[in-house]
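Okay, so here's the structure we're looking at.
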Amino acid sequence: MTEPLKPIVLGAADARGGASDGRPDEDLLAGLNPPQRDAVTHRGPALLIIAGAGSGKTSVLTRRIASLLRTHEAYPSQILAITFTNKAAGEMRERVQQLIGDSAQGMWISTFHSACVRILRREAQQFGFTKSFTIYDSGDSRALIKRLVKQHEGDAFGFTPAAVQGRISKLKNELADAESYARQANMSDPAERVFVEIFADYQRSLQKANAFDFDDLIAQTVYLFRAFPHVADVYRKRFRHILVDEYQDTNHAQYALIHELTRPVVGKAGDAFSSGGMMIFEPDEAPETEGASLTVVGDSDQSIYAFRGADIRNISEFERDFPGAKVVLLEQNYRSTQNILSAANAVIGHNFDRKDKKLWTDVGDGDPIIGFTGYSQHDEAQFVADEVDALRRKGVDYAQMAVFYRTNSQSRALEEIFIRAAVPYKIMGGTKFYERAEIKDALAYLVAVANPADEMAVRRILNKPRRGIGDVTETTIARYAADEGITFRDALANGSALGVGPRIQQAIAQLDAVLVEASEIMLPSSGEIAPSTSVTEGLNVLLGKSGYLDALRMSKDPQDEARVENLDELVAVTREFARNNPEGTLLDFLTEVTLVSDADDLDDASGSVSLMTMHTAKGLEYDAVFVTGVEEDLIPHRISAGEPGGPQEERRLFYVALTRARKRLFLSLAMTRAQFGEVSAAMPSRFLQEIPHHLIDWRQSPGDVNSRGGMQSRALNARRGGSGGGSRFGGGGRYGDDLVPLPPRDRPAGSIEKFANRIPAKIRDNGDLELAAGDRIRHDDFGEGKVDMVTGEGAKRVAHVRFDTAGPKKLLIKVAPITKL
DNA sequence: GAGCCCTTCACGAGC
DNA sequence: TGAAGGGCTC
C-alpha cells in the first residue's frame, strides 16, 4: 500500500517473449485439469471463470498471473488483481511469489477499497480533497448522519440514522449523488425533500472534512475517472491485465470502476504522465489503444452480498457486457467429500434463478453429515464442544475446525460452553477491536493530527478526557470557526478569542499544544518525512500528554483497566506497522487500520477453533465445519423473508457454509432459543429438508426431541454426554422417516407448517419444581445426580448438578427433563 | 458540566 | 440481555 509506482526498467528486448516454444510456463500447468488449464492459458480481451466452490480458483488465478509474468506478456506493474479481503490479497501475492519469485514485485493485489485509496491519495487534489483525507468507517458516518438527521429534524419523518445511512449507501453503490437522486425523486413529498437535504448536507460535510466514506472510495474514484479522462488514462495505460475475484459480489459502482479501467486508452501512446508528483513510465511498444484484458472469477451460487448492493447481473450478463468473452466452467471440486457436495448441490438446486451446475469430486463419499438437535442453544453448543473434543482426540487440529452461525449474537452460547470445556477458540467478528470507544478515541487523536480538517475527529476528542469542555463550549468554538472562516481545529489555537472562561481557555490551549507537539513528531513542519516509528511516538505523546491514559488509570471503573490494556495493544499495533512498513506514514497507518476486516485478522496457525458468521466464512475452508442454528428465522433469517430475493440469498449463504467443509460436516440446531432474555421455540430450517435424508446421520433429530417414546437417541445422547436437556422422550427413527418432502421449489410458508406439527405446542414446563442444594434428581439423559446449588430466579432458575456418571452439568430447571427423587 | 437513574430499543450480514 | 440516550439533580 505504501510503495509508489516505480518506473519500469526492463530491457526492451526480452520484454515480450512469445508464449510458444516449449511453453516457459509449462510447469505452472502441472496438475491442472483441462478447464483449469484453459483458464490459465486463455488470452483475449475478456475471460469469465465460473468457479464452483472448492474448484481451485485461487490456484488458477495465481497461476494465470504467474504465467503472464513468466511469459513476459506483462510486467508486474501492469497487473491489477482485486480480491475480496486484504487477507486474500496477501495470500495471493505470496502464492504468486512462490511461483515466480521476486519478479512479482510491483503488482497491485488488493481489495477494491485499498486500490481506490491508493488512487485517490495520488489524485485527490484534482477535485477538492487533499492527499491526507480520512476514511470514515460505518460508525463514523453513522455519527455524522445522526447529527444531520437531528439538525434537519428528520425524525419527524420517521428517519433513523441507520435507515438514512442505508439508503445513502445504496444510492452511492448505484453511483447516484444527492443531485441526481433529487432529479428523479418525488420532491413534492416533504419526507423526500428532507432526505435529499440530509444526503446533500452529508456529502458537503464529508468534503469539508476532507473525508470519504467506504462507498465514496469506489464511487468517487469512478467519478474521478469520468470527470478527468486524462487521469483515468494513466491507470488504463498502466494496468494491462485486470483480474477480479469474487465477481458475483461486486456492486454497480465496482462494476463501473472495472469498466472505466478496461476502456481503450484515448490519449497518445508512450507518454509519461506526471500525477501527484509520481512519474509513470510505460514500456515503449505497448499497444496503448486496446483496453486492458479482463479476467473475472465468480460463482453466482455464492453471491451473498446483495444486501450491500452486490448485483448478480454483473456476472450473469458478463458475456453481454464484454463481447467476445470466453467462459470457462470449473466444476470439479478438490475440497469436499461427495456427501458434502451432494448435500450442497441439493440445497442450491432449490434456487430457481440459476444456471445448473453440479459440483463433483473423485475423492469418494466420505463420512456422513452429522445432525444434532439440541434442546437449547447451550445443549447445541455442548454438542459442538463434545464433537470438537472428539475430533481433537482423533488428531484433527483445532485450527482445522470452524463453527459458523448466522448472527453474531449466537456466538455467546458457544463461547460460554467452550470456555467451560476448555476448547481454545477465536472469534472472528463480533465486538471488534477497532470499534471500541477507547480505540476510536485514540484514532481520533491521530486523525486530528493527520487531517485537521476532519471536524468530527476533533470534536470527538474535545472533551476526552474530561476537560470541562461541554456542548456549550463546543458550539461556541464551532460558531467562532464559522465566523472567522477557519476550521474547527484552527479555532482551538485561538482559545483566548472565544470569550469563554479562563479555565476552559486553558484546557483548549493544552489540547492544542498536545496536537501541535504530536504533529511535529509525525508530520514535521520542516517537510522531512518522519520515520514510520514516529506513529508510535506520536501516539504515546497524544495519549500521555492529553491526560487520556491518566484519566483511565485513576478511574474506579474496573473496565477502564481493560481499556488501558487495549490502548497498549494499539501502541503495539503501531510498532508492528513500523516493522512491516519501514516507509509507512501516519496516513498509511490510518488507512490500513480503517480497511482491515475481521477476516483479515485470521491467524490459522493460532491453534484454536474459529468461530465466525457464515458471511465471514466465505473463501475459507476447514477439515471440520459446524453449521449451527440451522433454524427457521435464523437461516433463512427472519428479515430476509420480506426482501426480494431474500430467501434465495439465504440459501446461497447456507450453501457457502456447507461447501467450506473438507471432510466433516455437522449441522445443528436447537429447539428453543433465548432472545431478549426470553426463551422461544425454534423450528428446523427449511433448508434441512432440502438435503436428501440419507446423507444426514442424526445423532438426535428434531423428532427425537419432540415426539414420543423410544430410548435410542437418549442412550446415544447420554453416552456422548451432552448437557442441558437433550431428548426428553428419546425417539426412534431418523428424522426423515416421517417427514413429508417438499416440492423442489421455494415454499416459505408451507415448509414451516410441515415442521410445525413436529413442534410441541409448548415447551416442557416443570412449573414450580423446587430444588435445593443436596436434592437428588433423575435426568432423562444423564441419569441420577445430586444438586450442588441453584442460581437464578423464577423461570431462569438453574440447577448445578453433579451426575453420578455424566459429571457436572447446569440445567434450566423450568424445561430440563428432570424429576426430583 | 457531571453523574446518576430510568426507559427504550435492538439482534442481519461488512469493506 | 445489554447498550445507549434522555432527563433529572447536584
Side-chain angles (χ1 to χ4, degrees), chain A residues 82-89 110-117 135-139 141-143 146 150 160-162 165-166 169 172-173 212-219 246 249-251 253-254 303-310 404-413 416 428-432 434-435 437 463 465-474 500-501 503-504 507 556-557 559 591-600 612-618 629 633-643 646 649-650 652-654 656-657 673-680 796:
Chain A
I82 302 284
T83 59
F84 200 67
T85 63
N86 290 300
K87 178 179 181 256
S110 67
T111 62
F112 270 108
H113 291 87
S114 299
C116 286
V117 170
I135 303 162
Y136 278 16
D137 68 17
S138 29
S141 93
R142 175 79 55 97
K146 193 170 170 186
K150 206 174 207 172
T160 63
Q165 186 183 29
S169 171
K172 286 185 174 183
N173 286 336
F212 296 103
D213 65 20
F214 277 148
D215 301 312
D216 275 344
L217 293 177
I218 317 285
E246 307 285 9
D249 283 326
T250 50
N251 59 36
Q254 292 164 333
S303 161
I304 54 174
Y305 282 103
F307 74 90
R308 67 180 210 218
F404 303 156
Y405 36 80
R406 176 65 177 84
T407 68
N408 276 309
S409 56
Q410 288 168 250
S411 67
R412 249 191 244 163
E416 255 170 55
M428 331 318 308
T431 327
K432 293 166 219 157
Y434 290 105
E435 283 175 11
N463 200 31
R466 303 231 153 85
R467 309 184 163 89
I469 307 178
D471 287 348
V472 180
T473 313
E474 191 179 326
V500 294
R503 228 204 186 114
I504 295 176
K556 295 174 296 221
D557 187 340
Q559 286 197 331
T591 302
E592 187 172 302
V593 157
T594 313
L595 293 183
V596 292
S597 68
D598 293 315
D600 296 332
M612 69 190 82
T613 66
M614 298 184 192
H615 281 90
T616 307
K618 191 174 78 158
D633 290 352
L634 272 178
I635 177 84
H637 195 272
R638 172 172 44 88
I639 297 171
S640 74
E643 291 170 358
E649 173 146 322
E650 296 285 308
R652 289 193 294 269
L653 181 57
F654 188 60
V656 166
R673 199 161 282 275
Q675 50 178 11
F676 302 108
E678 282 182 14
V679 179
S680 57
K796 311 245 168 65

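Heavy atoms only: backbone and side chains are in, while hydrogens, waters and symmetry mates are out.
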(request) In whole angstrom, give the distance that lies between atom OH of Tyr405(A) and atom C1' of dA13(B). (result) 12 Å

(message) Please compare Ile504(A) and Phe307(A) by the position of their nearest nucleotide in DNA chain B and report the one closer to 5'.
(response) Ile504(A)

(request) Would you check if Met614(A) and Tyr405(A) make a side-chain contact, meaning some heavy-atom pair closer than 4.5 Å? (result) no

(message) Going by the rule ring-ring contact (aromatic ring centres under 6.0 Å, His included), which residues pair with Tyr305(A) if we only count those two or more places apart in sequence or in a different chain?
(response) Phe84(A), Phe307(A), His615(A)

(request) Let me know, please, whether Arg638(A) or Ile469(A) comes out on the 5' side of the other along DNA chain B by nearest nucleotide. (result) Ile469(A)

(request) Take atom CG of Asp471(A) and atom P of dG1(B), then tell me their distance rounded to the nearest Å. (result) 7 Å

(request) Please check the phosphate of dG1(B) (OP1 and OP2 only) for any side-chain N or O of Thr473(A) closer than 4.0 Å. (result) yes

(message) Does a side-chain N or O of Thr85(A) approach OP1 or OP2 of dC15(B) to a distance below 4.0 Å, or not?
(response) no

(request) Describe the nucleic acid contact of Glu650(A) in one word from base, sugar-phosphate, nothing, applying a heavy-atom distance below 4.0 Å. (result) base

(request) Under the salt bridge (charged side-chain N to carboxylate O under 4.0 Å, His left out) rule, collect the residues that match up with Glu246(A), sequence neighbours excluded. (result) Lys57(A), Lys618(A)

(request) State which residues pass side chain to side chain donor-acceptor pair (under 3.5 Å) with Arg412(A); sequence neighbours excluded, sorted by chain then number. (result) none

(message) Expected output check: what is the dot-bracket annotation of DNA chain B, where ( ) and [ ] are pairs inside the strand (brackets for crossing ones), | is paired with another strand, and pairs are Watson-Crick or G-U under 3.5 Å?
(response) ||||||||||.....

(request) Could you measure between the two C1' atoms, the one in dA4(C) and the one in dA13(B), and give it in whole Å? (result) 23 Å

(message) Once side chain to side chain donor-acceptor pair (under 3.5 Å) is applied, do any residues pair with Ser169(A), and if so which ones, sequence neighbours excluded?
(response) Asp215(A)

(request) Select one nucleotide: of dG12(B), dC11(B), dC15(B), the one nearest the side-chain heavy atoms of Ser409(A). (result) dC11(B)

(request) Output yes when at least one side-chain N/O atom of Thr613(A) is less than 4.0 Å from OP1 or OP2 of dG12(B), else no. (result) no

(message) Side chains of Gln165(A) and Ser141(A) only: does a donor on one sit below 3.5 Å from an acceptor on the other?
(response) yes

(request) Find the distance Glu246(A):CD to dC15(B):C1' and express it as a whole number of Å. (result) 13 Å

(request) Starting at atom NZ of Lys172(A), determine the distance to atom C1' of dC15(B), rounded to an integer number of angstrom. (result) 14 Å

(request) Remember a base hit wins even if backbone is also touched, and classify Arg406(A) as base, sugar-phosphate or nothing at under 4.0 Å, heavy atoms. (result) base

(request) Give a yes/no answer on whether the side chain of Asn463(A) brings an N or O atom under 4.0 Å of OP1 or OP2 in dG1(B). (result) no

(message) Do Lys172(A) and Asp213(A) make a side-chain contact, defined as non-hydrogen atoms from C-beta onward lying under 4.5 Å apart?
(response) yes

(message) Can you measure Phe84(A) atom CZ to dA13(B) atom P for me and round it to whole angstrom units?
(response) 15 Å

(request) Whole angstrom is fine here: how far is it from CZ in Arg142(A) over to C1' in dA10(B)? (result) 12 Å

Show me the protein contacts with nucleotides 2-6 of chain C, counting only N or O atoms at under 3.5 Å.
from, atom 1, to, atom 2, distance (Å)
dG5(C), OP1, Lys146(A), NZ, 2.3

(request) List for me each residue that meets salt bridge (charged side-chain N to carboxylate O under 4.0 Å, His left out) alongside Arg467(A), sequence neighbours excluded, and say none if there are none. (result) none

(message) Test of understanding: with side chain to side chain donor-acceptor pair (under 3.5 Å), list the residues that count as partners of Thr613(A), not counting sequence neighbours.
(response) Thr616(A)

(request) Measure from the side chain of Arg308(A), starting at C-beta and using heavy atoms only, and say which of dA2(B), dA13(B), dC15(B) lies closest. (result) dC15(B)

(message) Under 5.5 Å centre to centre and under 30° between planes: does that hold for Tyr305(A) and the six-membered base ring of dG14(B)?
(response) no

(request) Can you sort out the partners of Thr111(A) under side chain to side chain donor-acceptor pair (under 3.5 Å), two or more places apart, ordered by chain and number? (result) Ser114(A)

(message) Check this one for me: any side-chain N or O of His637(A) less than 4.0 Å away from OP1 or OP2 of dG12(B)?
(response) yes

(message) Heavy atoms from C-beta onward define the side chain here; which of dA2(B), dG14(B), dC15(B) lies closest to that of His113(A)?
(response) dC15(B)

(message) From NE2 of His615(A) over to P of dG14(B), roughly how many Å is that when rounded to an integer?
(response) 7 Å

(request) May I ask you to test the Asn463(A)-Thr473(A) pair for a side-chain heavy-atom distance under 4.5 Å? (result) no

(message) Without decimals, in angstroms, what is the distance between Asn86(A) CG and dC15(B) P?
(response) 9 Å

(message) As a test of reading the structure: which of dG1(B), dG14(B), dC15(B) is closest to the side chain of Val472(A), going by heavy atoms?
(response) dG1(B)

